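The structure displayed is predicted, hence computed values, not measured ones. Below, chains carry the letters A, B, ... as their sequence lines are ordered, and counting in each starts from 1.
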Number of protein chains: 2
Amino acid sequence: MRSGLTIGEFARATHLSVRTLRRYHESGLLEPAAVDPSSGYRYYAVEQIPSAQVIHRLRELDVPLAEVGKIIATDDPDRRADLVAVHLERLQETLERTRAAVTSLQRLLRPAPGDLEVELRSEPAALVAGITDILSLDEVLPWYDGAMAELDAAVAQPAGPPGGHYDNELFAEGRGTVLVYYPVAEAPSHGRVRPVELPAVELAATIHHGPHDDIDVTYGRLATWVHEHALAVAGPVQETYSVGPRDDPDPAAWRTGIAWPVFRVS
Amino acid sequence: MRSGLTIGEFARATHLSVRTLRRYHESGLLEPAAVDPSSGYRYYAVEQIPSAQVIHRLRELDVPLAEVGKIIATDDPDRRADLVAVHLERLQETLERTRAAVTSLQRLLRPAPGDLEVELRSEPAALVAGITDILSLDEVLPWYDGAMAELDAAVAQPAGPPGGHYDNELFAEGRGTVLVYYPVAEAPSHGRVRPVELPAVELAATIHHGPHDDIDVTYGRLATWVHEHALAVAGPVQETYSVGPRDDPDPAAWRTGIAWPVFRVS
DNA sequence: GTTGACTCTCTCCCCGGGAGAGGGTGCAGG
DNA sequence: CCTGCACCCTCTCCCGGGGAGAGAGTCAAC
């Protein structure tokens with residue numbers, strides 16, 4: 001009997017390619033049980049098959065080789081499970097993103113009828129209680145959560161769903177003025193919360209259905225619509241969170257109003 | 001007003017990187033609306049945003065650039081949907097494989113108690129109706145389907161669940177003898193179906209639960225068990241399909257007996 | 001001993017993008 | 001008008017995780 005399996009036999013037993021096994025040897029990920037010093041032939045032991053299988057599975061899950069090395073070098077099953085758990089979470093996230101990409105792709109390629117109903121309407125002036133700040137694009141999300149919490153505490157009787165204004169510079173230049181608010185009858189002034197008088201404007205408005213992952217699709221549509229109707233944008237985009245995470249935990253149920261102040265370019 | 005968005009603005013609007021947009025231009029995937037001939041500056045139009053969004057989604061789904069090019073160049077929404085459907089199917093398959101990899105990885109790292117119960121038992125001689133052939137590894141699956149169909153037709157009253165013997169050379173050398181059979185009381189001889197007398201053997205036997213994606217894990221375990229118990233393999237591996245796709249469509253319910261003829265190496 | 005299937009090492013190629021160098025531009029403020 | 005500064009240009013190199021193939025050496029069965 002030979003001293004073990006040749007690389008080809010081991011490759012067939014583990015469904016890894018010969019090429020790949022050699023790379024794993026070079027990188028120290030999976031050392032053959034023996035290497036003939038004269039011929040350089042690699043020989044693998046049957047007991048190495050489970051390790052190879054673990055590596056194969058991890059690679060199927062796109063775990064980088066370095067990480068695979070750490071995992072199989074760890075003996076303690078608990079610590080090993082922890083290392084693996086990180087990647088399982090990552091998989092979960094990519095799965096979510098993939099799902100979101102698929103649905104918004106379908107929406108992009110096959111606009112459902114009534115998917116983009118843009119309405120041109122006149123919005124009267126309104127009094128709101130708001131928090132405003134100058135932010136860069138990636139600061140917006142965390143800032144939003146804090147500001148909304150403060151608004152929730154300061155405004156007892158909102159006269160409608162919350163909204164936000166996002167300066168176009170924010171998207172064009174990466175930095176701009178942001179305002180979040182509740183419409184109110186009488187505006188409190190408390191902490192960062194200030195009364196703001198929103199002027200009357202002409203709006204091109206639509207509603208985005210579902211989670212915000214693909215809200216840029218609706219933005220794109222709205223921008224195209226505005227362009228096609230020979231209108232031009234006159235101010236910050238206005239979002240209205242008529243159904244948000246507070247109202248319904250299911251993202252599919254969310255409704256977000258998106259509107260741009262516009263004027264006619266004849 | 002400028003002739004369009006600069007590459008940086010367009011990058012922020014579409015969440016693509018400047019670098020990536022330049023590559024897309026070079027490869028003809030997304031041409032800027034205008035390029036300043038003196039400075040070489042790229043200028044993008046607002047109407048290009050939806051295209052960029054489609055590209056972004058497709059790339060998130062790991063569609064290769066060439067394929068993305070085809071898709072966005074296609075005007076007919078039906079043909080475009082067909083092109084996309086191919087990739088959605090591919091995603092579905094990888095999703096299945098990922099799931100399978102995760103479950104079998106967990107089984108590999110955290111063997112459930114009772115997950116590997118190996119039994120050493122004496123199997124008496126038996127008469128079976130079988131089809132045999134010499135095959136290479138990747139011919140086995142298609143061949144199996146045909147052989148089982150023929151067996152089903154030839155054997156009216158099987159005396160037990162079907163089984164298969166796979167020569168160890170099949171795994172070691174990639175080519176070997178394969179036998180599939182039904183145990184019978186009286187063996188017909190019809191087409192490729194022949195009566196076969198299986199000899200009495202000593203078996204190290206276990207049962208694999210679930211789909212066959214990770215049957216190699218059970219094989220590895222069994223091999224290790226055999227090795228640890230100072231036994232050696234004396235013949236082809238025997239599989240018994242006690243619950244298979246014919247019995248239950250749910251792969252999780254499948255039960256596959258796996259056994260190796262062994263002898264003691266003292 | 002022959003032969004043919006393996007195996008060895010070596011080099012080059014793939015995708016899709018990140019990083020950074022080195023230099024040219026657009027535009028607002030003074 | 002100049003200056004500063006953020007932006008833009010092209011260019012080259014790098015990455016992971018292999019695939020492909022050349023050219024030579026080896027194993028083992030007949």
Visitor: Identify, with sequence neighbours excluded, every residue that meets ring pair (Phe, Tyr, Trp, His ring centres under 6.0 Å) alongside B/His229.
Guide: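 B/His229: ring pair (Phe, Tyr, Trp, His ring centres under 6.0 Å) contacts with B/Trp225.
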Visitor: Side-chain N or O of A/Ser38 less than 4.0 angstrom from OP1 or OP2 on D/dT26?
Guide: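 False: A/Ser38 side-chain N/O out of range (4.0 Å or more) of D/dT26 OP1/OP2.
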Visitor: Just jot down the side chain to side chain donor-acceptor pair (under 3.5 Å) partners of A/Ser136, sequence neighbours excluded, or say none.
Guide: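 Residues passing side chain to side chain donor-acceptor pair (under 3.5 Å) with A/Ser136: A/Asp138.
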Visitor: Kindly say if B/Thr6 contacts the phosphate of D/dC8, meaning a side-chain N or O under 4.0 Å from OP1 or OP2.
Guide: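 Result: yes.
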Visitor: Does anything in residues 55-68 of chain B come within less than 4.0 Å of DNA chain C? Heavy atoms only, and list the residues if so.
Guide: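 When residues 55-68 of chain B is checked for heavy atoms under 4.0 Å from DNA chain C, the hits, listed by number, are B/Arg59, B/Pro64, B/Leu65.
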Visitor: Who pairs with B/Ser17 by side chain to side chain donor-acceptor pair (under 3.5 Å), at least two apart in sequence or on another chain?
Guide: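 Side chain to side chain donor-acceptor pair (under 3.5 Å) check on B/Ser17 returns B/Thr20.
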Visitor: Between B/Arg42 and D/dC8, is there a contact of a side-chain N or O with OP1 or OP2 at under 4.0 Å?
Guide: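 No.
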Visitor: For the pair A/Glu96 and A/Arg99, find out whether any cationic side-chain nitrogen is under 4.0 Å from an anionic carboxylate oxygen.
Guide: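 Answer for the salt bridge query: yes.
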Visitor: Distance-only criterion, 3.5 Å: show the donor-acceptor pairs between side-chain atoms of residues 25-35 of chain B and protein atoms not counting sequence neighbours.
Guide:
| from | atom 1 | to | atom 2 | distance (Å) |
| --- | --- | --- | --- | --- |
| B/His25 | ND1 | B/Arg42 | NE | 2.9 |
| B/Ser27 | OG | B/Arg23 | O | 3.0 |
| B/Ser27 | OG | B/Tyr24 | O | 3.3 |

Visitor: Holding to ring pair (Phe, Tyr, Trp, His ring centres under 6.0 Å), I want the full list of residues that pass it with B/Tyr144, two or more places apart in sequence or in another chain.
Guide: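 Testing B/Tyr144 for ring pair (Phe, Tyr, Trp, His ring centres under 6.0 Å), a comparison that skips the adjacent residues, returns B/Tyr241.
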Visitor: In chain order, what residues pass the ring pair (Phe, Tyr, Trp, His ring centres under 6.0 Å) check against A/His212, with sequence neighbours excluded?
Guide: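 Residues passing ring pair (Phe, Tyr, Trp, His ring centres under 6.0 Å) with A/His212: A/Trp254.
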Visitor: Between D/dC8 atom P and B/Tyr44 atom OH, what is the distance in whole Å?
Guide: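 Atom-to-atom, B/Tyr44 to D/dC8, this comes out as 10 Å.
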Visitor: Return the set of residues passing side-chain contact (heavy atoms from CB on, under 4.5 Å) with B/Asp78 (not counting sequence neighbours), or none when no residue passes.
Guide: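 Scan of B/Asp78 (side-chain contact (heavy atoms from CB on, under 4.5 Å), adjacent residues dropped) gives A/Arg110, B/Asp76.
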Visitor: Output the residues of residues 83-95 of chain B in contact with DNA chain C, where contact means a heavy atom of the residue under 4.0 Å from an atom of the strand; sort by number or write none.
Guide: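 Result for residues 83-95 of chain B: none.
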Visitor: According to side-chain contact (heavy atoms from CB on, under 4.5 Å), who are the partners of A/Val233, at least two apart in sequence or on a separate chain?
Guide: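 A/Val233 satisfies side-chain contact (heavy atoms from CB on, under 4.5 Å) with A/Asn168, A/Val226, A/Trp260 once adjacent residues are dropped.
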Visitor: Would the A/His165 and A/Tyr181 ring centres measure less than 6.0 Å apart?
Guide: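 Ring centres of A/Tyr181 and A/His165 closer than 6.0 Å.
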Visitor: Is the base of D/dC27 touched by the side chain of A/Tyr41 through a donor-acceptor pair closer than 3.5 angstrom?
Guide: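 No pair found.
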Visitor: C/dT25 C1' sits how many Å from B/Asp36 CG, rounded?
Guide: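 My rounded result for the distance is 9 Å.
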Visitor: Rounded to the nearest angstrom, tell me the gap between atom CD1 in A/Ile7 and atom C1' in C/dA5.
Guide: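 It is 15 Å, rounded to the nearest whole Å.
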Visitor: Among residues 14-32 of chain B, which residues get a heavy atom nearer than 4.0 Å to DNA chain C?
Guide: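 Listed by number, they are B/Ser17, B/Arg19, B/Thr20, B/Arg23, B/Tyr24.
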Visitor: Sorted by first residue and then second, give each salt bridge (Lys or Arg N to Asp or Glu O under 4.0 Å) pair with at least one member in residues 57-71 of chain B; sequence neighbours left out.
Guide: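 Listed by first then second residue: A/Asp216-B/Arg57, B/Glu67-B/Lys70.
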